[in-house]
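Everything below concerns the one structure shown next.
Every number for a ligand or one of its atoms is a count from 1 in the order of the listing. Since we're looking at a predicted model, the values are computed, not measured.
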Amino acid sequence: MAELVGPILDVIKFISRNASKYLKYQREFTEYVDDFKQAQADLHAKEVDIQQQLKDEHHFGKMPKLEVERWFKKVEEKLTHAQHVEDKVSKGKYLFRSCLGKLVDESTQAMKEVHAEGRFSGSLMVNDPSTIAVNLPTPELTGAADVREEIYQYLMGDEVGMIGVCGMGGIGKTTIMKDVHNRLLKESKFRKLIWVTVSQNFDIQRLQKTITCQLKGNLSDDEDTIIRAGKLSEMLKGQGSYVLILDDVWKSFSLEDFGILKPTSNNGCKLVLTTRSERVVRSMGFKKVQVPCLSMEEAMDLFLSKVGLDILPDPTLESFLKIVVRECDGLPLAIVTLVGCMRGVTDPHVWENAIDELRGYIRNIHNVEDKVYGCLKFSYDRLKQRDQECFLYCALYPEDYAIIKEELIEHWLIEGLIDEMESRKSMESCGYSILQNLEENCLLERAERDSYNSRFIYKKTDHMHDVVRDMALHITRKRFMVKARMQLKELPKEEEWSEDLE
Ligand SMILES: Nc1ncnc2c1ncn2[C@@H]1O[C@H](COP(=O)(O)OP(=O)(O)OP(=O)(O)O)[C@@H](O)[C@H]1O
Ligand SMILES: [Mg+2]
């Protein structure tokens, strides 16, 4: 008998404990419901706050942390369940209050738990590995604010899908587009930004490859161009919204043959091209955006920002400066090149002399494009002969080519452009100082795109602006015949050599 008493007492205790809880639900039902409503409102408010925080932090190349996504799922589950409970409560009979009370209490506790889990440390975002988000290096931009804003607004709006940025060589089209590209990285509108440098030597296979590479896809070299175009357009279709920037287009081409999808209001994609030719923009049906020259004031700001403000206190120099800037006709490339060779000069006589010389170069030239040539040639002529030779050698590389510094110096040494010295190391150092001089004179641009070779070793590179390269080719037209990216295996036929080639 005694053995039975213990378990019976346990059962009675259990029943009475539960019964008292059920009685509590029955008696304090209203309090339970109030607590439930409070938890429901708190959780909902937290969900809205976190959503807003996500919105604030979200921009190109970022995605919400997995734990945040999972938390949102849980919130949705608990709030949906709470809605069912609420419906039951509103229809519930007085007699079932104790059962309902239990349901209400359980839902309240679950919502409180999820609420407590919604405390995330640090940012709610991580990098999205499926997007390519690289900031393109640009110089500090002066002016061109309106045109940059216009392009940006077309990209962010829904009305215009294809934008053609045009203007003469060296006016800043590439620089402006890089700036807009970098601004888009801070937005969440596009999933991908694709940059392709087209250049004069339009090679559809190379360009298709560049795009697929950026999409982390693969195209076989052996396939027919049409098949490749089909594959590329399929790849692009799968990307969601993107901006494709085709820089430096020289002639019009068919987007379909290439495999580039036309933007529609549904696919959310945009195309931008930059070109010197208004005809390209028109014939390809893009919306034209004209890049204007810098105003005199902007040109002056650009010159001053590069030349060093220490020359300003001298009023004589200021007046010389105005003359030089006016001669550049608001063309950024002419300005930065002239700054290059006048930087650090504080002697008014040197300025005066330089202005006389510069005028000699551009006297009677009214066409701005030819004036740029004059400014570049002026800068080139002020180099030492050895540096001139080394500079001209760079024009042998194809247009828009990332020239690996180490390799270039090696070539200079092999070609005997650098005089013999006591050690190879000193000759290499001399090569680097020539490179630095060319960079400071803006005849080479520093490390636009540093390159990685096949073994992924980081290599520093230089880039020759295409207008500068044209000038170098013009200077060397009697000495070199340059046929870049033609995969030449033997010497061109005699009739291709110009008559006056030495
Ligand atoms: N708004 C600007 N502010 C400061 N520097 C600028 C600006 N625009 C251009 N530059 C400078 O001028 C140089 C030439 O500009 P950029 O290469 O953008 O010209 P482009 O119009 O693309 O020429 P091309 O038709 O030959 O491709 C740049 O390397 C940059 O240093
Ligand atoms: Mg350009």
protein heavy-atom neighbour closest to atom 19 (O) of ligand 1 works out as Gly172 N, 3.2 Å
Could you check atom 14 (C) of ligand 1 against the protein and tell me its nearest heavy-atom contact, residue, atom and distance included? His465 NE2, 3.6 Å
Gly169: numbered ligand 1 atoms lying under 4.0 Å from its heavy atoms: 23 (O), 24 (P), 25 (O), 26 (O)
Please check if the side chain of Arg148 supplies one atom and the backbone of Gly143 the other of a donor-acceptor pair under 3.5 Å. yes
Applying a heavy-atom cut-off of 4.0 Å, say which part of Arg276 lies close to ligand 1: side chain, backbone, both or neither. side chain
Considering residues, nucleotides and ligands other than Ile414, do more than 12 of their heavy atoms fall under 6.0 Å from its CD1? yes
Within the 3.5 Å criterion, strictly below it, is a donor on Tyr154 or Glu150 matched to an acceptor on the partner's side chain? yes
For ligand 1, the portion of Glu445 having any non-hydrogen atom under 4.0 Å away: side chain
Does the distance from a Lys or Arg side-chain N to an Asp or Glu carboxylate O, for Asp257 and Arg228, drop under 4.0 Å? no
Output the list of atoms in ligand 1 that are nearer than 4.0 Å to some heavy atom of Asp466, sorted by atom number. 24 (P), 26 (O), 27 (O)
Give the residue, atom name and distance (to 0.1 Å) of the protein heavy atom nearest atom 2 (C) of ligand 1. Thr142 O, 3.6 Å
How long is the gap from CZ on Arg343 to CG on Leu338, to the nearest 0.5 Å? 11.5 Å
From Val468, Thr175, Asp179, Thr138 - option closest to atom 15 (O) of ligand 1 by heavy atom: Thr175
Check the angle between the aromatic planes of Tyr361 and Phe378 and answer parallel, tilted or perpendicular using the 30° and 60° thresholds. perpendicular
Is there any ring-ring contact (aromatic ring centres under 6.0 Å, His included) pair reaching into residues 255-276, and which pairs are they, with sequence neighbours excluded? Phe253-Phe258
Distance to 0.1 Å, residue and atom name: give those for the protein heavy atom nearest to atom 9 (C) of ligand 1. Pro332 CB, 3.3 Å
Leu244 vs Lys270 side-chain heavy atoms within contact, under 4.5 Å: no
So does Glu234 pair up with Lys231, basic N to acidic O under 4.0 Å? no
Check each atom of ligand 1 against the heavy atoms of Pro139 and keep those under 4.0 Å away; list them by number with element. 30 (C), 31 (O)
Should you measure from each heavy atom of Val467, which atoms of ligand 1 turn up under 4.0 Å away? 26 (O)
Considering heavy atoms of the protein only, find what lies nearest to atom 25 (O) of ligand 1 and give residue, atom and distance to 0.1 Å. Lys173 NZ, 2.6 Å
Atoms named by residue and atom, protein N, O or S, within reach of the Mg ion (ligand 2) (under 2.8 Å): Thr174 OG1
For Phe286, the ring-ring contact (aromatic ring centres under 6.0 Å, His included) test, sequence neighbours excluded, returns none
With Glu149 via salt bridge (Lys or Arg N to Asp or Glu O under 4.0 Å) - residues at least two apart: Arg183
Tell me, which protein residue and heavy-atom name are nearest atom 13 (C) of ligand 1, and how many Å apart are they? Leu333 CD1, 3.9 Å
Counting only heavy atoms, which portion of Leu302 has something under 4.0 Å from ligand 1: side chain, backbone, both, or neither? side chain
The residue among Asn437, Asp462, Val468, Ile434 that forms side chain to side chain contact (heavy atoms under 4.5 Å, CB included) with Leu444 is Asp462
Does the distance from a Lys or Arg side-chain N to an Asp or Glu carboxylate O, for Arg424 and Glu428, drop under 4.0 Å? yes
Check each atom of ligand 1 against the heavy atoms of Met168 and keep those under 4.0 Å away; list them by number with element. 21 (O)
Check for me whether Lys178 has a heavy atom closer than 4.0 Å to any atom of ligand 1. no
Check: Gly170 N/O within less than 3.5 Å of ligand 1 N/O: yes
Look up atom CD in Glu445 and atom OG1 in Thr175, then write down how far apart they are to the nearest 0.5 Å. 7.5 Å
Could you check whether Arg382 pairs with Glu357 (Lys NZ or Arg NE/NH1/NH2 to Asp/Glu carboxylate O, under 4.0 Å)? yes
Please compare Thr174, Asp247, Thr337 and report which has the shortest non-hydrogen distance to atom 22 (O) of ligand 1. Thr174
So is Met177 in contact with ligand 1, going by heavy-atom distances below 4.0 Å? no
